[in-house]
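One-based numbering, in listed order, for ligands and for the atoms of each. Numbers here are sequence positions counted from 1.
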Amino acid sequence: MPMDATSQHFLMCRPTYFAVDYAINPWMDPSAPVDTDLAIQQWEQLRQAYRDLGHTVEEIAPVPGLPDMVFAANGGTVIDGKAMAVQFRDPQRADEAPAYRAWFEAAGLELHDPKHVNEGEGDILLAGEYLLAGTGFRTAHASHAQLQEVFGYPVITMQLVDPRFYHLDTALAVLDERTVAYLPEAFSPGSQEVLRRLFPDAVHATMVDAMVLGLNAVSDGQHVVLPTQATGLAAKLRDRGYQTIGVDLSELRKAGGGPKCCTLRLRQGGK
Ligand code: ARG
């Protein structure tokens, strides 16, 4: 049974300068056309879906020349009023880090700088009392120890093994404090076993749903915002009692991003 919905506070970045100019994950094809206006319209629909659910959306100003800045989840990790800034693996995204860092500073959050590659909430997801931390493609394993030290939640390392699911939030969605949905084969055998132990009631997604970035979903504990194309996963979630809200982010998917990638959760205090 889903838990009560909690009103959320999000940070988003309008895809004003969105493009696919380089390829840093297998979804990106710089030779394929991208419609930036359509990306903006789709992003506005996502923002509206959050507003309709009663969530608060803050915005950070997009910076020209940073086409992936729309993926705000990669801007940091914010829990209990503390913000860990990010360090990107790829030079193409490096300049996003200071922009997000400045936003956190202006917001009065307690700032911590990363000592290793750390791509924020793309790889770091709070699930109840555990901080699930992905590694294998982007966030360095070494950064997991720093995350545990800064936030004081036990960090559980999740080893990602499929390059199409390069960030944890492409392979796993937190549904509420007790439950997650995930694609088992995106994880190493050991990590799959950890997930089975921690979340025996988890929803298992199929490759078909994962390939439309269905797991890149945002839940408030009751309503799950996910790509419209992830129909199988949506049906499974409804069977469990969640309400699903489909959003079409097909243009942003050309960069390998979905609803969760566009959304950084700001946990000012508590959860
Ligand atoms: N093109 C971006 C990258 O490869 C997409 C990031 C998606 N963000 C996420 N949280 N999964 O870095």
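- For the pair Thr170 and ligand 1, the shortest N or O to N or O distance does not fall below 3.5 Å.
- For the pair Asn216 and ligand 1, the shortest N or O to N or O distance does not fall below 3.5 Å.
- Among Asp169, Asp123, Val70, Ile24, the residue whose heavy atom lies closest to atom 10 (N) of ligand 1 is Asp169.
- Atom-to-atom distance recorded for Asn216:CG and Asp169:CG is 4.5 Å, nearest 0.5 angstrom.
- Using a 4.0 Å cut-off to heavy atoms of Asp68, the atoms of ligand 1 that qualify are 1 (N), 2 (C), 3 (C).
- Taking a cutoff of 4.0 Å between a charged side-chain nitrogen and a carboxylate oxygen, Asp209 and Lys236 do not qualify as a salt bridge.
- Within ligand 1, the atoms closer than 4.0 Å to a non-hydrogen atom of Met28 are 1 (N), numbered from 1 in the order shown.
- In the model, Arg265 has a side-chain atom that pairs as donor or acceptor with a side-chain atom of Gln8 under 3.5 Å.
- Using a 4.0 Å cut-off between heavy atoms, Asp90 makes no contact with ligand 1 at all.
- Using a 4.5 Å cut-off on side-chain heavy atoms (C-beta onward), Leu160 and Tyr166 make no contact.
- Only the side chain of Arg93 comes within 4.0 Å of ligand 1, judged by heavy-atom distances.
- Residue Ala255 places at least one N or O, backbone or side chain, under 3.5 Å from an N or O of ligand 1.
- Salt bridge annotation for Lys82-Asp80: absent, with no cationic side-chain nitrogen under 4.0 angstrom from a carboxylate oxygen.
- The closest protein non-hydrogen atom to atom 8 (N) of ligand 1 is Asn74 OD1, 2.9 Å.
- Judged by distance alone, the side chain of Gln222 and the main-chain N or O of Tyr242 form no donor-acceptor pair under 3.5 Å.
- Here the closest heavy-atom approach between residue Gln268 and residue Leu109 is recorded as OE1-CD2, 3.3 Å.
- Neither the backbone nor the side chain of Trp27 has a heavy atom within less than 4.0 Å of ligand 1.
- Partner of Val194 under the side chain to side chain contact (heavy atoms under 4.5 Å, CB included) criterion, out of Leu132, Thr157, Ile156: Ile156 alone.
- Residue contact check: Gly122 has heavy atoms under 4.0 Å from atoms 10 (N) of ligand 1.
- Comment: Lys115 does not engage Glu149 in a salt bridge, judged by the lack of any side-chain N to carboxylate O separation of less than 4.0 angstrom.
- Residue contact check: Arg138 has heavy atoms under 4.0 Å from atoms 3 (C), 4 (O), 12 (O) of ligand 1.
- The nearest protein atom to atom 9 (C) of ligand 1, hydrogens excluded, is given as Cys261 SG, 2.8 Å; this is a heavy-atom distance.
- The closest approach between a heavy atom of Tyr166 and any atom of ligand 1 is below 4.0 Å.
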